[in-house]
K.L.:
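Dropping a structure here in structure tokens format, bear with me for questions.
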Amino acid sequence: MRSVLISGAGIAGPALAYWLGRAGYRPTVVEIAAAPRRGGSAVDFRGGHLAVLERMGVLDALREVQTGGSPMRFVDAAGRRLMELPGDFAGGEVEVLRGDLARVLYEHSRSHAEYVFGDTVTALAQTTDGVDVTFAHGPARTFDLVIGADGVRSTVRRLAYGPHERFVSHQGYHVASWEVPGFSGLGRGSLLYNEPGRMISVGGDHRDPDRAYAFAVFASPPIDYPRRDLDRQRAIITAALGGLGWQASRLLAALPQASDLYFDAICRVDVTPWSRGRIALLGDAACGATIGGMGAGTAIVGAYVLAGELAAAGDDHTAAFGRYEALLGDYARRGQQGGENTGRFLAPRRAWTARARNALLNRPYFMNLLLKAADDRTNALDLPDYPALRTGQQHGTR
């Protein structure tokens, strides 16, 4: 029974742990956070994603906590509707909050894996027999394989491949979200307001009508800041969005007290190959796109394919890693293409571009084209069938 260390307990990591455990591996998931992460914006699944979720046995559980889709209504400074994107544009066929997804995947996989929270990998040393892993807090251990499923700024990728700057490209925008008290009655969906190069919005919580969240996008070159310095992040966001009309000042007024602040650059990850020796990358660590790149769906599909190929190849991890990337590479890159345009779509740098976007998407023909393009990206993979994952038999069989 081969041991596999998975770094990251977000989406890709628990999904992979579930499938590997079913196939007879011994997965260990290490996560820097003290517990499964809560909160976060909504993520969506459609097309081929749903087939994997169904095979995994979590689709019904996710439907129980789905948001029902989140319509996006663009408004002017007086709150008048300019254009509306239907819930299935951003919400796909099933939309859930990221925290709910993480919880369901953790609960579904924890009987198949060892979980270690509050720790992280600090060093990797490959040998002919395995990977010697050093942790920040726990004792050093040796694993047969190591998988980096730890996000756009993957620690495993940095240790095995080199600095983030080699693989993470800035897409010209930053994104932020935070909770906003005092808004109520918004219902499902969100209201979005544009000025050139900037967008701010507010959306309701489908389960709690008294809770609301701000979401903002703004054009900017790369910004250097300490990633754990929330005060510095708040100052950057306030400076970037200051002077915006509509409800912006009210939304920004909640920022100093927001403890659940999310702030990041809109960026893309490009790594070739996805594996080096006994170490491989999965999800955003291999092919991330911050928002709009269907990263959650690609992570779910990628975990299934990676586990299936490892199970089918037995002890030949080199063949399994190569086959995994060959099957998934083009599919993942098609998903990333949506993320490349997210900033420009939500916060056009010129007023006339926003007006043209609204005018086009108020026409059903162009809206249908947009929805079809999203569905085409998720149905572009002929999903393999892996008997070892379906029946729970030991690895090494197809």
K.L.:
Walk me through whether W246 and L191 qualify under side-chain contact (heavy atoms from CB on, under 4.5 Å).
P.N.:
CA-CA 11 Å; W246 185 56; L191 303 175; 3.8 Å; yes

K.L.:
Please step through side-chain contact (heavy atoms from CB on, under 4.5 Å) for the pair L105 and M56, ending with a clear verdict.
P.N.:
CA-CA 10 Å; L105 293 177; M56 193 176 180; 3.7 Å; yes

K.L.:
Looking at Y173, does the NZ or CZ of R349 lie under 6.0 angstrom from its six-membered ring centre and within 45 degrees of the ring axis?
P.N.:
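Yes - R349 lies over the ring of Y173, closer than 6.0 Å to its centre and within 45° of its axis.
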
K.L.:
Hey, what's the ring geometry for F263 with H174, parallel, tilted or perpendicular (30° and 60° as the breaks)?
P.N.:
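F263 and H174: parallel rings.
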
K.L.:
Can you find a side-chain donor-acceptor pair between N358 and R355 that sits under 3.5 Å?
P.N.:
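Absent: no donor and acceptor within the cut-off.
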
K.L.:
In the structure I gave you, are the side-chain heavy atoms of R55 and L389 within less than 4.5 Å of one another anywhere?
P.N.:
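When only atoms from C-beta onward are counted, L389 and R55 do not touch, as no gap falls below 4.5 Å.
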
K.L.:
Name the orientation class of the two ring planes belonging to F143 and F135 (parallel below 30°, tilted from 30 to 60°, perpendicular beyond 60°).
P.N.:
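Plane angle over 60°, so perpendicular.
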
K.L.:
Say whether, by atom type as modelled, one donor and one acceptor occur between the side chain of Y386 and the main chain of L310 under 3.5 angstrom.
P.N.:
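Not at all, since once roles are kept as given, no pair shorter than 3.5 Å links the two residues.
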
K.L.:
For the rings on Y213 and Y262, is their centre-to-centre separation under 6.0 Å?
P.N.:
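No, too far apart.
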
K.L.:
Is the F117 ring parallel, tilted or perpendicular to the Y106 ring (thresholds 30°, 60°)?
P.N.:
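The rings of F117 and Y106 stand perpendicular, inter-plane angle above 60°.
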
K.L.:
Test F215 against V175 for side-chain contact (heavy atoms from CB on, under 4.5 Å), laying out the working first.
P.N.:
CA-CA 8 Å; F215 177 71; V175 60; 3.2 Å; yes

K.L.:
Indicate whether the side chain of S109 and that of Y115 have a donor and an acceptor atom separated by less than 3.5 Å.
P.N.:
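S109 vs Y115: donor-acceptor pair found between side chains.
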
K.L.:
Using the test side chain to side chain donor-acceptor pair (under 3.5 Å), find all partners of Y161 that sit at least two apart in sequence or belong to another chain.
P.N.:
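For Y161 there are no side chain to side chain donor-acceptor pair (under 3.5 Å) partners, ignoring immediate neighbours.
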
K.L.:
What pair of heavy atoms forms the shortest contact from V202 to A212, and how long is it?
P.N.:
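Taking every non-hydrogen atom into account, CG2-CB, 4.0 Å.
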
K.L.:
Rounded at 0.5 Å granularity, tell me how far CG in L145 sits from CG in L306.
P.N.:
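Here the rounded value is 9.0 Å.
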
K.L.:
Residues two or more places apart in sequence or in another chain: which of them pass side chain to side chain donor-acceptor pair (under 3.5 Å) with S201?
P.N.:
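Here no residue qualifies.
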
K.L.:
Any side-chain heavy atom of P14 within less than 4.5 Å of one from H108?
P.N.:
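Heavy-atom side-chain distance check fails, nothing below 4.5 Å.
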
K.L.:
Tell me, do H112 and L20 make a side-chain contact under 4.5 Å, heavy atoms counted?
P.N.:
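No; the side chains remain at least 4.5 Å from each other.
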
K.L.:
If you draw the axis of the six-membered ring of F74, does the NZ or CZ of R357 fall within 45° of it and under 6.0 Å from the ring centre?
P.N.:
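Relative to the ring axis of F74, which defines the angle, R357 lies inside both limits.
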
K.L.:
Would you say that more than 12 heavy atoms from the other residues, nucleotides or ligands in this model lie under 6.0 Å from the CD of Q126, or not?
P.N.:
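Yes, CD of Q126 has more than 12 neighbouring heavy atoms, counting only those of other groups under 6.0 Å.
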
K.L.:
Might you point out which heavy atoms bring S7 and V156 nearest each other, and give the distance in Å?
P.N.:
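Of all heavy-atom pairs spanning S7 and V156, the closest is CB-CG2, 3.5 Å.
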
